[in-house]
Every structure is written in structure tokens, then in C-alpha cells.
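Beneath this line is the structure, given in C-alpha cells, with notes to follow.
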Amino acid sequence: MVAVGGLMVACLLVEISCGAVEAVRVQERRLSSGRILGSTDPNTTFAFYKFSLQWPPASCDSSLKCVGDIPAEFTIHGLWPQLSNDKGVPAYAKNKSCTTLTPTRADQLPVILQTGNLVQQLMQAWPDLKNTSSLKTSQTFWSNEWTKHGMCSDYGDKPLDYFKAAINLRNNFVQAFKLERGVSYKVEEMVKKVKAAVNGTPEIACRTKKGGMGAKILLELRLCYKKGNPTPQGIQDCKVSYSGVCKSTLDELTLL
Ligand SMILES: *[C@@H]1O[C@H](CO)[C@@H](O)[C@H](O)[C@H]1NC(C)=O
Ligand SMILES: *[C@@H]1O[C@H](CO)[C@@H](O)[C@H](O)[C@H]1NC(C)=O
Ligand SMILES: *[C@@H]1O[C@H](CO)[C@@H](O)[C@H](O)[C@H]1NC(C)=O
């Protein structure tokens, strides 16, 4: 007994000296997700969600041929499980050990989303800009996002919850955050405005404007969320505040 107690004390001391904070975080992840995530290897550990919103006028300002009405509000690109090194969790097809669940197959989605009454909301919040009036085109987009990201999320066997969570995050965001179109903002100004609205540092993804002689535009705005139960739970700061062609927080970009 005494020896065992001594070992426990030793372990505790080792944990504290080796990084108790990380140990507690791992413990929390285990508790909140209800399953053991194994290692803290940044290359293989699902650590947080990245929620990617596109600015449709900018997505369509490219080789992408958009058909139908182009929304003038943020729409969803995807809800992505990320590794702690900020790379995406590899798709289920590439690494089945990303989840202990048996994920719902993508070919089951059309019926599930229909019976779950989500299609109309999805067409508004998560349309495929290639043809915003085509349900079929958007269904392909949702299936691709599910296959690439959803199956390895905490919702692998609960696609309705996955799509509902994304719709809610998006609807809350567009209500809380508004920018004036045609106006230029420094990356740091945009970050500040997002932070004031939702209390988390976003990742601002920039692209160059077509025929704009190098002028930068806002392409996507990404928000980062903690894994949790329910999941995603609570916003957190994204690891980088800009990406794409933006190289500094002082870069100026326009909201098309
Ligand atoms: C993570 O991946 C990078 C590059 O893919 C590699 O250099 C590094 O050693 C890996 N880290 C661990 C802890 O395996
Ligand atoms: C697959 O995922 C598991 C658990 O997350 C990890 O240990 C393993 O290294 C991954 N393999 C590849 C090829 O990414
Ligand atoms: C877009 O979708 C609508 C409705 O399904 C269809 O009638 C139309 O042909 C599509 N347009 C293109 C260019 O694919």
C-alpha cells in the first residue's frame, strides 16, 4: 500500500514537473468526448473545430462559375475537425482510426436531411455557389464535406446534429457580425471587429481580386471552436489570424 501510494505521488510529481496543464487538458478531452483520444501528438490528435464561412461574392470572383443568386452574406464552407497542429484531420477514407464511431455513409445523407427537415435551411446557409438554385449541386457539396470532414468529427454517426450545429453557428454569426461592402479594412481591424462580436480571434483568408492588380479581398472567415459535449463547444482563438495571400495583420483587404 505504502509503495503504491509512493508511486502515485511520484507520478503526480512527474506530471506536474512535465507539464500538468497538458495532462489536465488530455483528461478533459477524454471526459468531454467520452472516448480516449490516445496521444497528444499534434500530428494525430483531433483538437478543435474550424468553422469556415465563405464570402460568396469573393468565392465567385474567380474561375468558379456561379449560377443563380449569389448571397451577399456569409455562407458555410464547412465544419472541420482539426489536429492541434492546425492541419485538418485526415478523411475517414484515409484513416479509419480517426473515430471509434461507425460513421453514416454519405449516400444516406439526402434522405436523412430531407426527413430531418434541414434542406431548406441548408440551401440558405450552406449552398453550393456553382448553382445556388440546384438542390442536387448542393447535395453533392454537403456529401463531399461530410466525407472529407464530418465522418471524422464527433458527429460521425449523427449527421443531422452536425449539419444543425453548422447552421446554428452560421446564423448566430451573421446576426452578430456585419461589415460594410466595398470598404477596405486592415486584417487587424477585421480581426478586432470579429473578436468584439463573438469573442474569438478568427482566421481571415484572403485572395487577390480578379483583374484587381493585386488588390486583396476577403475570401473566407474562419472561427475556431473547442471540442466538447455538446460539440463544438465555445469559441476559442484560431492559431493564425490570416491566411491565403495576406501576409501581415497590416494588409488591407476589401469586402466585395
Ligand atoms: C509531425 O509531422 C511533421 C511533418 O509531417 C514531422 O516532421 C514531425 O516529426 C511530426 N511530429 C511528430 C511528433 O510525430
Ligand atoms: C491514423 O490515426 C491514428 C489515431 O488518430 C494515428 O495514431 C495514426 O498515426 C494515423 N495514421 C495516419 C497515416 O495518419
Ligand atoms: C441550375 O439549377 C437549376 C435547377 O436545378 C437548373 O434548372 C439549371 O439548369 C442549372 N443551371 C446550370 C448552369 O447548371
Side-chain angles (χ1 to χ4, degrees), residues 50-80 88 91-94 103-153 155-175 177-182 204-213 215-223 243-245 253-256:
K50 195 176 272 190
F51 182 52
S52 194
L53 292 161
Q54 50 185 345
W55 182 249
S59 307
C60 294
D61 180 68
S62 68
S63 54
L64 180 66
K65 293 243 180 330
C66 298
V67 173
D69 291 335
I70 300 171
E73 47 179 22
F74 287 99
T75 59
I76 300 167
H77 178 178
L79 178 60
W80 306 331
Y92 185 71
K94 297 218 170 86
T104 304
R105 295 193 323 267
D107 63 4
Q108 299 174 290
L109 282 182
V111 169
I112 292 171
L113 296 176
Q114 188 73 48
T115 39
N117 244 334
L118 276 196
V119 171
Q120 215 178 343
Q121 289 178 68
L122 282 170
M123 284 300 280
Q124 193 158 33
W126 201 334
D128 188 333
L129 302 170
K130 284 202 290 291
N131 189 347
T132 53
S133 47
S134 164
L135 170 60
K136 212 156 181 214
T137 305
S138 287
Q139 273 172 337
T140 305
F141 185 24
W142 305 332
S143 287
N144 290 344
E145 285 295 313
W146 178 253
T147 306
K148 230 170 137 183
H149 307 284
M151 289 169 87
C152 281
S153 72
Y155 303 92
D157 57 352
K158 295 192 193 68
L160 274 184
D161 290 349
Y162 176 80
F163 286 97
K164 270 187 208 158
I167 291 169
N168 287 339
L169 289 177
R170 179 267 181 187
N171 289 350
N172 291 339
F173 182 74
V174 297
Q175 268 180 20
F177 180 74
K178 308 247 186 266
L179 282 183
E180 211 175 320
R181 295 185 65 181
I204 303 287
C206 316
R207 115 166 340 159
T208 46
K209 182 168 159 45
K210 207 174 168 183
M213 295 187 295
K216 289 168 185 161
I217 55 176
L218 175 71
L219 176 62
E220 296 206 339
L221 198 157
R222 302 187 181 129
L223 301 171
S243 60
V245 300
L253 68 165
T254 304
L255 188 73
L256 276 192

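Indexing begins at 1, ligand by ligand and atom by atom, following the structure's order.
Atom NZ in K164 sits 11.0 Å away from atom CG in L122 (nearest 0.5 Å).
Atom 13 (C) of ligand 3 has V67 CG2, 3.8 Å as its closest protein atom, hydrogens excluded (heavy atom only). The protein heavy atom nearest to atom 4 (C) of ligand 3 is S133 O, 3.6 Å.
Taking a distance limit of 4.0 Å, we find that atom 9 (O) of ligand 3 is approached by no protein heavy atom.
Residue S134 approaches ligand 3 through these ligand atoms, each under 4.0 Å from one of its heavy atoms: 2 (O), 5 (O). Taking a cut-off of under 4.0 Å to the non-hydrogen atoms of N131, the atoms of ligand 3 that pass are 1 (C), 2 (O), 3 (C), 8 (C), 10 (C), 11 (N), 12 (C), 14 (O).
Screening W146, W142, W80, F51 against Y162 for a ring-ring contact (aromatic ring centres under 6.0 Å, His included) leaves a single residue, W146.
Taking the charged nitrogens against the carboxylate oxygens, R170 and E73 do have a contact shorter than 4.0 Å, which makes a salt bridge.
Classification of the F173-F74 ring pair by plane angle, with boundaries at 30° and 60°, yields perpendicular.
Side-chain contact annotation: D61 with S59, donor-acceptor N/O pair under 3.5 Å absent.
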